[in-house]
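Each chain gets a letter, A, B and so on, in the order its sequence line appears, and its residues count up from 1. Values below: all heavy atoms of this structure, side chains included; hydrogens, waters and symmetry mates excluded. Small disclaimer: the values here were computed from a predicted structure and weren't measured.
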2 protein chains.
Amino acid sequence: MYYELSPRKQAILKAIVDAYIETGDPVGSKALTQSKQFVLSSATIRNEMAELEALGYLEQPHTSAGRIPTELGYRFYVDALMQDYALSQGELAELNSMLKAKTAELDKLIQNAGKVMANLTNYTAIAVKQSSGKNTVTRFSLTLIDENNFLLVMVCGNRSAKTRFVRTDIPVNEEVLEMLSQVLNNFVAGRDLSTITLPYLMQMENCLGQYSGLVSPIIKFVYDAVGEENQRDLRIDGVDKLLEYPEFLDQGKLKDMLGMFDRKEELLELLDEEGTNDVTILIGKEKGVQAMEGSSLVFKKIVVDGKTVGAVGVIGPCRMDYSKVVSAIRYLSDGIADAMHPRPSLGEIPPPDDNHK
Amino acid sequence: MYYELSPRKQAILKAIVDAYIETGDPVGSKALTQSKQFVLSSATIRNEMAELEALGYLEQPHTSAGRIPTELGYRFYVDALMQDYALSQGELAELNSMLKAKTAELDKLIQNAGKVMANLTNYTAIAVKQSSGKNTVTRFSLTLIDENNFLLVMVCGNRSAKTRFVRTDIPVNEEVLEMLSQVLNNFVAGRDLSTITLPYLMQMENCLGQYSGLVSPIIKFVYDAVGEENQRDLRIDGVDKLLEYPEFLDQGKLKDMLGMFDRKEELLELLDEEGTNDVTILIGKEKGVQAMEGSSLVFKKIVVDGKTVGAVGVIGPCRMDYSKVVSAIRYLSDGIADAMHPRPSLGEIPPPDDNHK
DNA sequence: TTTAGCACTTTGATTAAAGGAGTGCTAAAC
DNA sequence: GTTTAGCACTCCTTTAATCAAAGTGCTAAA
């Protein structure tokens, strides 16, 4: 698809995107000739720009403004034209000081990553602790608190556990809980989380005799817990950075963004983007999310021992300093993975056994 | 301080604040006479307004606009003039549906409280789970996973639970865990979290015989969990609601707010505001926080058994529908407290100082 | 194929004028 | 003494008009 662009067109496109990223003003033919990098007249450049526009890489805000890149233009830029950015000493120092902090705790690392990222790039940062896709329920454990309250613990295959306090109007005791626990384990233990649906859980009701009244709260909690387990913890830092970019002064855009930050699900879906294990760049509405119009999301998964444990990234206007952002994200994501990897020390979560039991 | 206001001045002030809260436009003398509630000419009202301005309750955006309340004006309004707002059927239903969810888990309740609050009031909601300094460990529960792994669950007095996977090189089985659990419960259950220090935990080592090797990961976990439990978790919902109020279109204000939401410490400090146990209203820069200029924070602590376990509130423009907000917050805060500590007639949760086992 | 030249469009900033809202003050009425 | 009608004044907002700047597309020549 891209081969249709002559080297000269590519060079012009690159120059336009670079300039637009830097200034935010539409760039005209004259500005390019003045930058000395082309020995062409503005008229020639105008012709090329007109063709780039016809091909869909550029657009004009209005008849007589300069050109700005379209989503396709940015796409081509990041795929083929963008140069690597070498992080400065100061930037490296900032990133390292965070990574060197003596904690191998993923939560903390990811939390800090967001802050550092927002600070360094001057875009809003996102950081997510991500549970790996396939997960099973290992077992349930019920702990009596008093006759109207017990604690439900759901232990998952990926070494995580969810707890939930359950209040019940039907008095319970150790024996009842034992019984309940067996039924629950028979029904749900060992199953993949995704196969635990509401209708499936309903079947439990029959097995509980006089305690079938307990089933509905429990079903709800199991269902919630399953949902929660699939829910990842998304942090967003530096929301106020959005305001530094005029594209978000339009209050409609800003509202879209803030709404998305609030809801989070949409954002998490975008982060699920499979594919590459390197930095992923989503430009504008590429993935069909309306609220992303005019914005780009750049992120990289954090992979430890072949498992995705989270991701860090940045969200900002399409007119984003991609090369710097990509370098920073790559460095940070890899750095966190490194920090997580070594030293199996006390109290840490052990690496997953291939089989237990 | 307030006695200097004649009843008529108070009525006029109230009418102005009410009108301004509703429309957001400065209100002039004519508008008040047209509202039929005063049998006075606009000239008389103008005189009163001029005096109210001299006293510091009103101000004019410019020479020939109407008047708007000053911070002092709002203060007097909420302290003395504001009428109670009766929540509508629909609003009550919304609040109740959240409270009725059969979970006594504070985290979830507070999480949902924020969402419901933002939705109901149309202002940005804040919800904080505040560990009261005083929290106790109710009990421990150990669940075997396989001979080298078990799950440690710590149940706290304030209805929260922490879990941790423990891997051990010393093979364990149900009996060992039972024994461990007893030792743990003897040592730690019922104690205030703040009294659980590292040296104290170390003493456990002696009681465990051949399993004393297990103690160190457990100690680390308990210690971590205690720390985590003391951390306050501030959630902010409905940030995009800010954009519905023209006072935040001024991008400076908006940036201040978003910055404050990002940092959180400042906000947490404001929430620490002691004093009343009812709804607290902070207007503008009253507490010396620059970023709060033009904004108000309304919140109420959630108190269970005399202990503050969190708070819910709302943040928005000074021109806020205080009466509705206050009603909603009061209802929700009390409702959560109830849900955490249901009526004793059901004989449910024993007060935390009760003996355990 | 490239370029110089030029007419054309659109934006943004500036200015001027008109309209509106609300006030403060004065003097008269209650 | 209080209240009110009347009126001049101030300041904001909107609209329209003008002007300069920026950038383009097109044509014709190099």
* For C:dT3, does either OP1 or OP2 sit under 4.0 Å from a side-chain N or O belonging to A:R46? -> no
* Expressed in angstrom and rounded to an integer, what is the separation of B:E48 atom CD from D:dT3 atom C1'? -> 11 Å
* **Validation row: A:M117, A:L332 side chains within 4.5 angstrom (heavy atoms)** => yes
* Would you check if A:L55 and A:L72 make a side-chain contact, meaning some heavy-atom pair closer than 4.5 Å? => no
* Structure fact -> Rounded to whole Å, CD of A:E53 lies from P of D:dG25 at a distance of 7 Å
* Nearest whole angstrom, please: distance from the C1' of D:dT2 to the CD1 of B:I12. => 14 Å
* Which whole-number value in Å describes the distance from B:N47 CG to D:dG6 P? -> 16 Å
* Cut-off 3.5 Å, side chains only: do A:Q83 and A:Y322 have a donor facing an acceptor? -> no
* So does A:T44 get a side-chain nitrogen or oxygen closer than 4.0 Å to the phosphate oxygens (OP1/OP2) of C:dT3? -> yes
* Structure fact -> Between CE of A:M49 and C1' of D:dG23 the distance, given in whole Å, is 9 Å
* With a 4.5 Å limit on heavy-atom distance, are the side chains of A:L81 and A:F76 in contact? -> yes
* Could you state the CD-P distance from B:E59 to C:dG22, rounded to the nearest angstrom? -> 17 Å
* **Between P of D:dG1 and CD of B:E51, the distance in whole Å** => 15 Å
* Output the residues of residues 16-31 of chain B in contact with DNA chain D, where contact means a heavy atom of the residue under 4.0 Å from an atom of the strand; sort by number or write none. => none
* Asked: Rounded to the nearest 0.5 Å, how far does CG of B:L243 lie from CZ of B:F248?
  -> 9.5 Å
* Asked: Does a distance-only test, which skips hydrogens and angles, find a donor-acceptor pair under 3.5 Å between the side chain of A:S64 and the base of D:dA22?
  -> yes
* Using atom types as modelled and distance alone, determine if a side-chain donor or acceptor of A:D237 lies under 3.5 Å from a backbone N or O of A:A125. => no
* Which residue lies toward the 5' end of DNA chain D, B:L40 or A:T63, if each is placed at its nearest nucleotide? -> B:L40
* To do: Decide whether B:D18 and B:Y77 meet the rule of one side-chain donor and one side-chain acceptor closer than 3.5 Å.
  => yes
* State, yes or no, whether a side-chain contact exists between A:L249 and A:L254 at a heavy-atom distance under 4.5 Å. => no
* Asked: Of the nucleotides C:dT10, D:dT24, D:dT4, which has the atom closest to the A:H62 side chain?
  -> C:dT10
* Asked: Roughly, in whole Å, what's the span from CG in A:L32 to P in D:dT24?
  -> 9 Å
* Structure fact -> On DNA chain C, more 5' by nearest nucleotide between B:A43 and B:A65 is B:A65
* Asked: From B:M292 CE over to B:E286 CD, what is the distance, rounded to the nearest 0.5 angstrom?
  -> 9.0 Å
* Structure fact -> Taking Watson-Crick and G-U wobble contacts under 3.5 angstrom, with | marking pairs to another strand and [ ] crossing pairs, the secondary structure of DNA chain D is written ||||||||||||||||||||||||||||||
